[in-house]
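These notes concern the structure reproduced below.
Just so it is clear, the model here is predicted, and its values are computed rather than measured. Counting starts at 1 for both ligands and their atoms, following the listed order. The residues of the chain are indexed from 1 along the displayed sequence.
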Amino acid sequence: MALRLAVLASGRGSNLQAILDAIAAGTLDAEVVGVFSDKPGAPALGRVPAPLRWSRQAKDYADRARFDTELAEAVAASRPDWIVCAGYMRILDEAFVRRFRGRLLNIHPSLLPLYPGLHTHQRALAAGDAEHGATVHFVTEDLDGGPAIVQARVAVLPGDTPETLAARVLEREHLIYPLAARLYAEGRLCLRGDQATLDGTPLPAHGMPLDA
Ligand code: GRF
């Protein structure tokens with residue numbers, strides 16, 4: 001049976017599109033059952049038919065807990081197997097993370113554990129790193145700190161700006177998110193406690209390298 005994916009997105013949704021493209025190409029046996037956003041104008045929402053869209057503005061809620069409870073209820077109502085954060089720019093509260101732990105994923109544009117948080121491309125350039133990249137990881141209570149599943153590396157090139165580097169990393173993001181979803185759809189991926197496993201074997205701290 002096709003994997004039911006709920007996608008959380010705040011922005012343009014190119015990672016969502018990469019997942020939709022993999023489904024359309026038949027390389028990912030999945031179905032996007034809802035796209036959920038904290039930004040009613042997010043372009044990501046337009047990538048799926050209207051009945052699959054959910055959006056609310058955080059400013060209409062008294063606090064984070066109320067917003068995240070309503071989000072969690074809407075996500076749960078779509079009966080997802082997996083919840084995929086694809087450029088979702090709000091921190092999820094602990095109750096949300098606990099409710100979906102083991103089924104909640106994020107993609108982060110850095111070689112985690114390097115550069116959790118924002119401005120990752122700029123920070124990699126400022127540090128003079130030779131390599132940069134992106135990581136798909138399970139979401140745990142530790143922001144951008146959950147166990148890695150797949151990691152893709154790109155070389156930092158002379159003359160790179162945050163924008164050129166981000167564009168090269170994004171190409172890789174579009175490969176590793178559908179790949180991680182496929183591993184899960186095939187029943188090969190699991191979170192046990194704080195350890196991600198592939199085929200029952202613990203994954204290394206940086207996750208599976210893209211080209212493995
Ligand atoms: C990506 O770089 C992702 O890693 C980060 O936010 C960006 C979202 O891009 N979390 P998109 O909305 O998927 O195009």
- Query: For the residue pair His108 and His137, does the interplanar ring angle fall in the parallel (under 30°), tilted (30 to 60°) or perpendicular (over 60°) class?
  - Reply: perpendicular
- Note on the structure: atom 9 (O) of ligand 1: closest protein heavy atom, distance to 0.1 Å, is Arg12 NH2, 3.2 Å
- Rounded distance [0.5 Å steps], CG in Leu8 versus CG in Leu16: 11.0 Å
- Query: Going from OH on Tyr184 to CG on Asp81, what distance comes out if it is rounded to the nearest 0.5 angstrom?
  - Reply: 6.5 Å
- Task: Drop me the distance from Leu170's CG to Leu175's CG, to the nearest 0.5 angstrom.
- Result: 10.0 Å
- Nearest-neighbour protein heavy atom for atom 5 (C) of ligand 1, which is reported as residue plus atom name and distance: Pro109 CD, 3.9 Å
- Just need the protein heavy atom nearest to atom 11 (P) of ligand 1, so name the residue and atom and give the distance. Ser14 N, 3.4 Å
- So is His108 polar-close to ligand 1, meaning N/O to N/O under 3.5 Å? no
- Shortest protein heavy-atom distance from atom 1 (C) of ligand 1, along with the residue and atom involved: Glu173 OE1, 3.1 Å
- Query: Within the side chain of Thr161, is there an N or O that forms a donor-acceptor pair under 3.5 Å with the backbone of Thr164?
  - Reply: yes
- Only heavy atoms count here, so choose which of Gly87, Gly11, Gly13 is nearest to atom 12 (O) of ligand 1. Gly13
- Query: Should Asn106 be counted as touching ligand 1, given the test is an N or O pair under 3.5 Å?
  - Reply: no
- With distance as the sole test, does Arg53 use its side chain to make a donor-acceptor pair with the main-chain N or O of Leu45 at under 3.5 Å? yes
- Identify the protein heavy atom lying closest to atom 10 (N) of ligand 1, giving its residue, its atom name and the separation to 0.1 Å. Ile107 O, 3.3 Å
